[in-house]
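Just below is one structure, and these are the notes that go with it.
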Amino acid sequence: QVQLVESGGGLVQPGDSLRLACAASGRTFTNYAAAWFRQVPGKEREFVAAISSTGGNTDYANSVKGRFTISKDVAKNTVYLQMNSLKPEDTAVYYCAAGPWTIVTTTPDWWGQGTQVTVSS
């Protein structure tokens, strides 16, 4: 059973940076791709970023390109989401996910519990 645990959320001001982390059980991120999604109340969960199992491929939603960076530390079995130039519209619960690269951006197999990010002045 794959377990994903997010951390690093919080309250920041517009323009600030924040780094989220997702720690996985076992060798999850060696064997599977990872992704970040986000959701605000009343809206569907949306894809944010993904990284392949090798780290050689990444994908981003247009809304975060140039501001967010996904990376991984295989030794720590942890995936990160570096978020820069944060905007109020980035406010959401951010979820870590894992699964095969072909489906991780749409229907990943495993989900974390989520971490709240609030961008407000």
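All residue numbers in this chain count up from 1 along the given sequence.
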Would [X] and [Y] count as having a side-chain donor-acceptor pair, cut-off 3.5 Å?
X      : Y      : answer
Asp73  : Thr78  : no
Gln116 : Thr118 : yes
Glu46  : Gln39  : no

Does one hydrophobic cluster hold both [X] and [Y], with members joined at side-chain heavy-atom distances below 4.5 Å?
X      : Y     : answer
Val48  : Tyr80 : no
Trp110 : Ile51 : yes
Trp111 : Leu81 : no
Phe68  : Tyr95 : no
Tyr94  : Tyr60 : yes

Look at the side chain of [X] and the backbone N and O of [Y], then say whether any donor-acceptor pair between them is shorter than 3.5 Å.
X      : Y     : result
Asp90  : Lys87 : yes
Ser85  : Gly15 : no
Asp109 : Gly99 : no
Asp16  : Gln13 : yes
Lys72  : Phe29 : yes

Would you sort out whether Leu18 and Val117 count as a side chain to side chain contact (heavy atoms under 4.5 Å, CB included), showing the intermediate values?
CA-CA 9 Å; Leu18 201 61; Val117 172; 4.0 Å; yes

Working to the nearest 0.5 angstrom, can you tell me the gap between Met83 CE and Arg67 CZ?
9.5 Å

I need the Arg19 CZ to Thr69 OG1 distance, nearest 0.5 Å.
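Reported to 0.5 Å precision, the distance equals 11.5 Å.
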
Atom of [X], atom of [Y] and distance for their closest heavy-atom approach:
X      : Y     : value
Ala92  : Val40 : CB-CG1, 3.6 Å
Gly114 : Val93 : CA-CG1, 3.9 Å
Trp101 : Ala50 : CZ3-CB, 3.8 Å
Val79  : Ile70 : CG1-CG1, 3.9 Å
Leu4   : Ala98 : CD1-N, 3.9 Å
Arg38  : Ser63 : NH2-OG, 3.5 Å

Can you check whether Cys22 reaches Trp36 side chain to side chain, under 4.5 Å on heavy atoms?
yes

Note, Pro14 side chain near Pro88 side chain (heavy atom, < 4.5 Å):
yes

Other residues, nucleotides and ligands only: do more than 12 of their heavy atoms fall within 6.0 Å of [atom1] on [X]?
X     : atom1 : result
Tyr32 : OH    : no
Glu89 : CD    : yes
Gln3  : CD    : no

Taking the six-membered ring for Trp and the full ring for Phe, Tyr or His, determine whether the centres of Phe37 and Phe47 are under 6.0 Å apart.
yes

